[in-house]
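A short write-up of the structure that comes next.
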Amino acid sequence: MGDRAIRRRRGDRAIRRLRSQVGKRRSIARHGRLRRPNAFLAVLRVLSVATVVVLISCLAVGSIAVAQLATNIDTVALAGEGMPDEVIPDAPALGSFEGGFNLLVVGSDVCDVEGGCPDREAELNDVTMLVHVSDDHTSAVAVSIPRDLVVPIPACPMEDGSGSYPAISAQAINTTLGYGGLACTVLTVEQLTGLDIPYAGLITFSGVIHMSTAVGGVPVCIDGPIDDRYSGFRRDEAGEYTLAGQDALNFLRTRHGVGDGSDLGRISSQQVFLSSLVRTIKSDSTLTDITKLYGLAQAATSNMQLSSYLAPLNTMVSMALVLKDIPLERITFVQYPGTTEEGGVYAGKVAPITDQADALFARIAADDSFTLEGNTGVGSTLNPNAPVQASSAPSDAVDAPAPATPSATAAPSMPAAPSAPADAGAEVLTGVLGQTAADYTCSRAN
């Protein structure tokens, strides 16, 4: 039996066990189900690259076909919304978002084939990514939470408002979407991080395909040949490739082809794509191209389900304008600290490294700047042909040409330290892996 089939069966069994605790079998329909008649017959595990795409793409919304884009948006209420004593925040005036914000982006492996998928019942959140923008709008942090991270799941509200599903002491976080919908995933991440999350979005693999195509493709560097028969991504040699559509999704799904073949390795490989994606979107060639901007806005609003507070177009545009002005070196992608070396309830899963996680989220909650030790993760390494950035280059550095195609042997054997951030005096978070959007990295072939 293939690895993907085994993971799928395990996911189905996990959801059935969770459902049995509430004494009834729920409908397969979930908050995030977006049915599309022409969807692929195979269920593809989505790796959400929409975190910054969704917001920055909506720069086009303010002036282009607002009414048409608004009709595309599908919304869902989070826990506590719609209660009699709820204080509903007003959507900001265009471009006037005040203060910081937390946004959760969830990638679903939902089966959206017409008629369903006979071989599976579960819907898993294969990607859970928390984005925090500081109160003064000078920095942003995106935290990727491993899908197999074992966490306590709080009591989650039932979709019909009739009660709650019971809390669970230890379960992989990727079961939360199937257990109680997007609201349950948000509640779980709030409990895990200690942060309030008023904004959330759910995306399927169709959104990744459409948005990577709309931006014109994303340049991605790999340091050696990759042939992953599970995800379908294949390249015969090291180099830089512009990925779009299905090819981009296949790259983001590859686990066996990068790093050590683990999901932790895949996260650091995904951050290679994410950092390049941010540079692509923030480049003049995208921000001044009305066709690209409109295509991104269409793809985002047509392929995501948004929480009630995120759905207003003014809110999305105002967030996008905030992100547009944050320097690349102040946009940081990190992994939630975890290890695969524990037993017990963590056997075959990921256990949190609590002290590192506590330090990370204390800095995020306080909006205190921090830097990383220099390890980008097992699935990536610095691009040896990266251009020197003026804001972070050593004083004796010289200008370098645009990134060249690396050779299979050019990349260092271990991840090298990213370039120094603008705030060089900030605290270094020991053990936390990741990179900034200014760091040019390559995925490490397995």
Side-chain angles (χ1 to χ4, degrees), residues 48 51-52 100-106 127-152 172-174 176 185-197 199-200 262-268 270-271 274-275 278 323 326 329-342 346 349-380 415 417-418 420-439 441:
S48 176
T51 305
V52 182
F101 57 86
N102 297 317
L103 164 69
L104 190 71
V105 175
V106 176
V127 164
T128 306
M129 185 182 295
L130 175 63
V131 179
H132 171 79
V133 171
S134 64
D135 190 68
D136 62 3
H137 298 171
T138 62
S139 65
V141 181
V143 184
S144 292
I145 302 174
R147 66 182 185 183
D148 290 332
L149 184 73
V150 175
V151 299
I173 198 168
N174 70 338
T176 56
T185 305
V186 170
L187 284 173
T188 303
V189 177
E190 286 183 331
Q191 178 175 275
L192 178 67
T193 64
L195 301 176
D196 181 50
I197 304 173
Y199 306 105
S262 71
D263 192 52
L264 298 181
R266 175 163 60 179
I267 286 177
S268 54
Q270 290 168 8
Q271 291 175 349
L274 283 167
S275 61
V278 172
L323 284 168
I326 298 176
E329 63 269 19
R330 299 302 298 272
I331 299 175
T332 306
F333 299 98
V334 300
Q335 298 183 35
Y336 186 97
T339 177
T340 57
E341 298 178 355
E342 299 291 333
Y346 303 112
K349 301 291 184 180
V350 178
I353 302 177
T354 305
D355 57 343
Q356 293 179 9
D358 289 347
L360 170 64
F361 288 104
R363 304 297 293 184
I364 290 176
D367 275 342
D368 290 337
S369 58
F370 63 86
T371 63
L372 305 177
E373 281 188 305
N375 192 334
T376 62
V378 70
S380 62
D423 189 358
E427 176 185 349
V428 176
L429 286 183
T430 302
V432 178
L433 308 179
Q435 66 172 86
T436 74
D439 295 318
T441 50

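Heads up: numbering here begins at 1 and tracks the sequence. All values reported here derive from a predicted model rather than from experimental measurement.
Between D263 and P146, the shortest heavy-atom distance links the atoms OD2-CA, 4.0 Å. Across L372 and G434, no two heavy atoms sit closer than the pair CD1-C, 3.4 Å. Nearest heavy-atom pair, L264 versus V378, reported as atom, atom and distance to 0.1 Å: C-CG1, 4.5 Å. Looking at every heavy atom in both residues, T376 comes nearest to S380 through OG1-OG, 2.9 Å. Counting all heavy atoms, side chain and backbone alike, E341 lies closest to T339 at N-OG1, 3.2 Å. Here the closest heavy-atom approach between residue Q271 and residue Q335 is recorded as NE2-N, 3.9 Å.
The line from CG of L433 to CD1 of I267 is 9.5 Å long, rounded to the nearest 0.5 Å. S268 OG to L274 CG: the interatomic distance, rounded to the nearest 0.5 Å, is 11.5 Å. Between the CG atom in L104 and the OG1 atom in T188 there is a gap of 10.0 Å [rounded to 0.5 Å]. To the nearest 0.5 angstrom, F333 atom CZ is 7.0 Å from M129 atom CE. Rounding to the nearest 0.5 Å places CD1 of I326 at 7.0 Å from OG1 of T138. From T185, atom OG1 reaches atom CG of N174 across 9.5 Å, with rounding to the nearest 0.5 Å.
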I'd like a table of donor-acceptor pairs (distance under 3.5 Å, sequence neighbours excluded) in which one partner is a side-chain atom from residues 356-367, with atom names and distances.
residue	atom	partner	partner atom	Å
R363	NE	E427	OE1	3.2
R363	NH1	E427	OE1	2.6
R363	NH2	S369	O	2.9
D367	OD1	H132	NE2	2.7
D367	OD2	D135	N	2.8

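Checked against L130 for a side chain to side chain contact (heavy atoms under 4.5 Å, CB included), the options V106, I197, V105 give a single hit: I197.
Side chains of T441 and D439: a donor-acceptor N/O pair is absent below 3.5 angstrom, by distance only. There is a side-chain donor-acceptor pair under 3.5 Å between S275 and Q435.
In this structure, the side chains of L149 and P352 come closer than 4.5 Å at one or more pairs of heavy atoms. Taking the side chain as every heavy atom from C-beta outward, V186 and E190 approach each other to under 4.5 Å. With contacts defined as side-chain heavy-atom distances shorter than 4.5 Å, the pair Y336/T128 does not qualify.
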Decide side chain to side chain contact (heavy atoms under 4.5 Å, CB included) for E373 and T430; before the verdict, give the C-alpha distance in whole Å, the side-chain angles of both, and the deciding distance to 0.1 Å. CA-CA 6 Å; E373 281 188 305; T430 302; 3.5 Å; yes
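The backbone N or O of V350 sits nowhere less than 3.5 Å from a side-chain atom of D148 that would complete a donor-acceptor pair.
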